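Just so you know, these numbers come straight off a predicted model, no measurement behind them. Quick note on labels: first sequence line is chain A, next is B, and so on, each numbered from 1.
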Amino acid sequence: MNTTSTTTRRSPGDRETGLEQALAGLRTTAPAGVGRAALVEVGLRDAYATVESPIGRLFVAFNGLGLTEVTLAGDPAAFETSHRARTGRDVDPVRGLPAGLRRGVEARLAGRHRAPLALDWRGRTDFERSVWAKATEIPAGEVRPYGWIAAEIGRPRAVRAVGTALGHNPVPLVVPCHRVVRGDGSIGQYSLGGPAVKRRILATEGVDLDELAGLAEHGTRLIGSDTTRIVCFPTCRHARRITTPHRVPFRDLAAAEGAGYRPCRDCRPVALGRAA
Amino acid sequence: MDELTAALLDDLDGAFPRLVDGHADRLYTIALRVIGNPHDAEEVTQDALVRAYRALAGYDPQRIAAIDLRPWLTTVVLNAARNRVRRRRPEVSLDHEPAAGRSAVPATDVREARAADGRPDHVALEREGAARLAGALAQLPPRYRIPVVLRHIDGLSYAEMAAALGRPEGTLKAQVHRGLAMLRATLTDDPAHDRASTHGGVQ
């Protein structure tokens, strides 16, 4: 660049220096947030927005790979700190979820359990992923025992580990860990505000937990139909359609099979150990 | 290999935010001056950074080690800008001259600024001319505009420009020289000349 020329009037070199300096003056700074947006898109940083749900306002965090956290909304600074501690990534508030994630979250909250929704499960174990994926198969209005998840993912003895993995579910409600309860019909733990909140969510979805506990108290874990000779979990949509005269209670799958019943292909009742 | 490239090689996820901090402003400046409007420039910058990350994530170590970040990122942002322009206005291109009467860039108020200012000279240019200069730059055909932006706004060397654009240094020097001459003509001459130089009258 012609930076050495002095201010002799209107020589070509002088004019060029002026133009070059003026061009250099067009350097500018990127709008705040453009770098952050890129980092969010590639999953090196997160963003979060508030979303309304049946149990109140939620903070929903995400990046370009999918959702990273769902929790009850509270103090933003405290949420940002705990999110950073949990994920190792900074998180910035934004006005709303990207359209695709918003549709997915709204559908899941409305009970459409198979609605597509991207989830960022980087750094999670295969065991946790398989537990959460299995929980996602449970329709709204139904519940399954912990032992059912363990059996379905091929780890029938890992009932306690299933409970732990469900407790670590980073995206409750949209991955419905609340639909997994103890085999005796009691509610079990819940990370998102405790058992009372879990009870409320299930009631909203149409699960009668008192009835379930009453059945369990009388030793009933499964319900069969004496017309179809099929046996189900009590909350299975097929079991709920059985009219009272045709409902046959069973203690477990062995008893049902001994009586000539076969397990429902939708809710797939399994032989459950005591821990379930 | 510079320190940032070495850090990217060692830990891409850990070091990439530093690449963003160090290059977002210059990539935005290039995008803004090449594309012309701030909204598109912002999206192009974001797109370029995302493409850069994904490319680095897919490269093997030798390939990353060989990267010269400044020209490489320049290529990435120019490709992102090209894609953007193609999507928005399929009839124009950053690779070919605009059709007569059209620019790849929405024209800014060169003439209004001139009317307000009267007869500009280089002193007036330095004092108030950023908007007018940006407008004049936007009127340059891309073949001259991009080399001028890279050389005199971003400050790349001719060697870096040759790497970024895949053109010989001699060609680029001639294009920068021609571009500056066209800018000077636009900024100092009367509107009739302005029109001629804008739409390919100068060769």
Task: Contact check, side chains of His152(B) and Leu19(A), non-hydrogen atoms, under 4.5 Å - done: no
- [ ] Could you tell me the separation between the CZ atom of Arg26(B) and the CZ atom of Arg27(A), rounded to the nearest 0.5 Å?
- [x] 10.5 Å
- [ ] Take atom CZ of Arg129(A) as the centre, draw a 6.0 Å sphere, and report whether it contains more than 12 heavy atoms from other residues, nucleotides or ligands.
- [x] yes
Open item on the list: Quick check on Asp47(B) against chain A: is it the side chain, the backbone, both or neither that has a heavy atom closer than 4.5 Å?
Closed with: neither
Open item on the list: For the interface with chain B, which of Gly25(A), Ala37(A), Gly35(A) has the highest count of heavy-atom pairs at distances below 4.5 Å?
Closed with: Ala37(A)
Open item on the list: Tell me if the CZ atom of Arg84(A) is crowded by more than 12 foreign heavy atoms within 6.0 Å.
Closed with: yes
Task: Members of residues 7-17 of chain B whose heavy atoms come closer than 4.5 Å to chain A - done: Asp13(B), Phe16(B), Pro17(B)
- [ ] List the atom of Ala24(B), the atom of Ala30(A), and the distance in Å for their closest heavy-atom pair.
- [x] O-CB, 3.8 Å
Open item on the list: Shorter than 4.5 Å, heavy atoms on both sides: which option in Ile30(B), Asp21(B), Ile153(B), Leu183(B) has the most such pairs with chain A?
Closed with: Ile153(B)
Task: Side chain, backbone, both or neither of Leu137(B) within contact of chain A (heavy atoms, under 4.5 Å) - done: side chain
- [ ] Report the distance from atom CD of Gln46(B) to atom CZ of Arg36(A), rounding to the nearest 0.5 Å.
- [x] 13.0 Å
Task: Over 12 foreign heavy atoms within 6.0 Å of CZ, Arg57(A) - done: no
TODO: Could you tell me whether a side-chain N or O of Thr28(A) sits under 3.5 Å from a main-chain N or O of Thr29(B), the two making a donor and an acceptor?
DONE: no
Open item on the list: Using a 4.5 angstrom heavy-atom cutoff, name the option from Leu49(B), Val50(B), Val20(B), Thr45(B) with the most pairs to chain A.
Closed with: Val50(B)
Task: Residue pair Tyr53(B) / Leu44(A): nearest heavy atoms and the distance that separates them - done: CE1-CD1, 3.7 Å
TODO: Check each atom of Leu32(B) against the heavy atoms of chain A and say whether the ones under 4.5 Å are side chain, backbone, both or neither.
DONE: side chain
Task: Arg54(B), part contacting chain A, at a heavy-atom distance under 4.5 Å - done: side chain
TODO: Flag yes if more than 12 heavy atoms outside Arg155(A) fall under 6.0 Å of its CZ atom; otherwise flag no.
DONE: no
Open item on the list: For the CZ atom on Arg18(B), are there more than 12 heavy atoms of other groups (residues, nucleotides or ligands in this structure) within a distance under 6.0 Å?
Closed with: yes
TODO: Sort Val148(B) into side chain, backbone, both or neither according to what part of it lies under 4.5 angstrom from a heavy atom of chain A.
DONE: side chain
Task: Side chain / backbone / both / neither for Leu26(A) at chain B, heavy atoms under 4.5 Å - done: both
